[in-house]
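Here's the structure we're looking at; comments come further down.
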2 protein chains.
Amino acid sequence: MLHGHSRSDASSLLQSRGERATPARKAVLDILLGASSALSHADIDAQTRSRGQPLDRVTLYRVLDWLVSHGLAHRIAAEDRVWRYNVAHDQDHGHAHFRCSGCGQVFCLNELRPAFAVSLPEGFHFQQAELTIQGLCPTCNKP
Amino acid sequence: MLHGHSRSDASSLLQSRGERATPARKAVLDILLGASSALSHADIDAQTRSRGQPLDRVTLYRVLDWLVSHGLAHRIAAEDRVWRYNVAHDQDHGHAHFRCSGCGQVFCLNELRPAFAVSLPEGFHFQQAELTIQGLCPTCNKP
DNA sequence: CCCGGTCATGCAACAGGATTGCAAATATCG
DNA sequence: CGATATTTGCAATCCTGTTGCATGACCGGG
Ligand SMILES: [Mn+2]
Ligand SMILES: [Mn+2]
Ligand SMILES: [Zn+2]
Ligand SMILES: [Zn+2]
């Protein structure tokens, strides 16, 4: 599983946008940059805690909201009704997601972009398509 | 918006399956049969209440679970992390859904069935695809 | 038609995820 | 440095959904 970013990007990423690079933001962004799958609030909380720099629960929620609203992360809603977060890979937000029915992990499929002109019933107006693939991740797929 | 079923189907539907036709089940199934979009627990609760036959919150959850596990309803997870329910239209469960970004309503697109051979990264095993269209419903689309 | 086992219901308590209000701490800029 | 705006922490609350347990209803066999 490829990580794609080096661990020290967090601060520079924030600074390059002219945004306040607070410890909480750096820590969370750093964790997201190092993740191979989308992380839940609980996942991130556990990591901050094991790194010895625990954040308040609410602060973590707010940092995540902030990252999303500033285009640095994106948020995925899965069937278990838990938000999961991932660094925003590029500008577009149209890629598909993969959810493992074994372990529940969620992965972004950055290459896979649902692009089809769908014909909707009378009166409906199309804005965006969202595609989620379900299956087994490499780990759960092992025999 | 088409309803597709007559209101008295509920009892017969249950009886034709040799299942207990309790008042709660009849009421909930009846409400689902009369709905033009998928209904949340809260929606259904409000309707039972306004019909003067309120159900216990837990009973409603259990009736809904029961309907789903017996193939009489199906359940949709939307971005707002609320389950929505719909009568099961036919055997297949592979159709797409439409979520209105204006009012939040969810509609089944029974005709639209995602059928594409998707190429996943190495090691991932495909099981099922889930497609959700986002846009404006006929009501919210009005100028 | 009624009796009894099985299944359904109601109520209370609980769980997990997320949000809100508010005061204290921190950053940024002149 | 001090004024101002932003961020953080903590407590309380909300919302959706679940679990345990006792009571009540359904329905097939007698
Ligand atoms: Mn993604
Ligand atoms: Mn549907
Ligand atoms: Zn897995
Ligand atoms: Zn709408």
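A note on names: the letters A, B, ... follow the listed sequences, proteins ahead of strands, and every chain is numbered from 1.
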Quick one: salt bridge (Lys or Arg N to Asp or Glu O under 4.0 Å) pairs with a partner in residues 71-82 of chain B, sequence neighbours left out? B:Asp80-B:Arg84

ring-ring contact (aromatic ring centres under 6.0 Å, His included) filter on A:Trp66, not counting sequence neighbours, yields A:His70

Could you tell me the separation between the CH2 atom of A:Trp66 and the C1' atom of D:dG9, rounded to a whole number of Å? 19 Å

Atom-pair distance (CG on A:Leu14; P on D:dT7), nearest Å: 11 Å

The ring-ring contact (aromatic ring centres under 6.0 Å, His included) partners of A:His125 (sequence neighbours excluded) come to none

How many Å lie between OH on A:Tyr85 and P on C:dA18, as a whole number? 6 Å

Interatomic distance where CG belongs to A:Asp65 and P belongs to C:dG17 [whole Å]: 16 Å

How close or far is atom P of D:dG17 from atom CZ of B:Arg75, stated in whole angstroms? 8 Å

Taking atom types as modelled, is there a side-chain donor on A:Ser40 or A:Asp43 under 3.5 Å from an acceptor on the other? yes

So, does the side chain of A:Arg57 form a donor-acceptor pair with the base of D:dG9 at under 3.5 Å? no

Just jot down the ring-ring contact (aromatic ring centres under 6.0 Å, His included) partners of B:His97, sequence neighbours excluded, or say none. B:His74, B:His95

What's touching nucleotides 9-11 of chain C from the protein side, N or O pairs under 3.5 Å?
| from | atom 1 | to | atom 2 | distance (Å) |
| --- | --- | --- | --- | --- |
| C:dT9 | OP1 | B:Thr22 | OG1 | 2.8 |
| C:dG10 | OP2 | B:Asp56 | N | 3.4 |
| C:dG10 | OP2 | B:Thr59 | OG1 | 2.9 |
| C:dG10 | N7 | B:Arg62 | NH2 | 3.2 |
| C:dG10 | O6 | B:Arg62 | NH2 | 2.5 |

Roughly how many Å is it from CD1 in B:Ile44 to C1' in D:dG17, rounded to a whole number? 14 Å

Only counting residues at least two apart or in another chain, list the ones meeting side-chain contact (heavy atoms from CB on, under 4.5 Å) with A:Pro121. A:Phe124, B:Leu109

Could you run down the sub-3.5 Å N/O contacts of the protein with nucleotides 28-30 of chain C?
none

Return the set of residues passing side-chain contact (heavy atoms from CB on, under 4.5 Å) with A:Gln53 (not counting sequence neighbours), or none when no residue passes. A:Ala27, A:Arg51

Contacts of B:Tyr85 meeting ring-ring contact (aromatic ring centres under 6.0 Å, His included) (sequence neighbours excluded), chain-then-number -> none

Examine C:dT19: is either OP1 or OP2 under 4.0 Å from a nitrogen or oxygen in the side chain of A:Tyr61? Give yes or no. no

Starting from P on C:dG17, measure out to CG on A:Leu64 and report it in whole angstrom. 14 Å

Any donor-acceptor pair under 3.5 Å linking the side chain of B:Thr59 with the backbone of B:Leu55? no

Taking only side-chain nitrogens and oxygens of A:Trp83, does any of them come within less than 4.0 Å of OP1 or OP2 of C:dG17? no

Could you tell me the separation between the CZ atom of A:Arg17 and the P atom of D:dT6, rounded to a whole number of Å? 19 Å

